[in-house]
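None of the values given here were measured: they were computed from a predicted structure.
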Amino acid sequence: MTSARASPRTPGPTEWTVNALNFGQRFLFGGTVATGVGVTPAEPATAEEYRRMEDICMPEDKGATCNLVGPLNFKFIWKGKKVITPVRPGERATIIVAGTRTTCRSGQPATA
């Protein structure tokens with residue numbers, strides 16, 4: 001008998017989208033929710049790193065877009081909870097917040 005092994009997943013871009021309100025909250029109760037995003041430099045940080053953080057997340061229409069390039073710490077406020085995710089050197093991602101929907105698209109690593 002032979003055994004089949006699952007091959008490891010090839011690393012590459014990924015994407016996910018979430019909605020802050022579920023079906024019932026959106027249509028039955030007319031609920032609202034606040035979602036927030038922000039960035040801080042990875043420590044130890046220089047004054048230049050703090051300046052770089054100023055333009056990473058920018059407002060757009062009814063939301064914001066963050067073009068993340070590590071190293072930095074990404075702050076995501078979702079349903080009243082704050083989650084801080086470290087983005088390592090060379091990692092890239094784009095976060096799009098539009099209304100109650102948030103989409104994250106990972107990017108190819110930056111080349112040195």
Say whether Val87 and Trp16 are linked into one hydrophobic cluster, either directly or through other cluster members, by side-chain heavy-atom distances under 4.5 angstrom. yes
Could you walk me through whether Val39 and Leu68 pass the side-chain contact (heavy atoms from CB on, under 4.5 Å) test, one step at a time? CA-CA 9 Å; Val39 292; Leu68 309 178; 3.7 Å; yes
Minimum side-chain heavy-atom gap Ile95-Phe74 below 4.5 Å: yes
Considering only residues two or more places apart or on different chains, which pairs with a residue in residues 36-48 satisfy side chain to side chain donor-acceptor pair (under 3.5 Å)? Glu43-Tyr50
List for me each residue that meets disulfide bond (SG atoms under 2.5 Å apart) alongside Cys104, sequence neighbours excluded, and say none if there are none. none
So, using side-chain contact (heavy atoms from CB on, under 4.5 Å) as the criterion, who are the partners of Arg105 when residues are at least two apart? Glu15, Ile96, Thr103
Please list all pairs passing the side chain to side chain donor-acceptor pair (under 3.5 Å) test where one or both residues lie in residues 63-76, with sequence neighbours left out. Glu60-Thr65, Asn67-Thr94
The criterion is ring-ring contact (aromatic ring centres under 6.0 Å, His included); which residues satisfy it with Phe76, sequence neighbours excluded? Trp78
Side chains of Pro41 and Leu72: does their closest heavy-atom pair fall under 4.5 Å? no
Which residues pass the salt bridge (charged side-chain N to carboxylate O under 4.0 Å, His left out) test with Arg51, not counting sequence neighbours? none
Minimum heavy-atom separation for Pro71 and Ala42, please, with both atom names. CB-CB, 4.1 Å
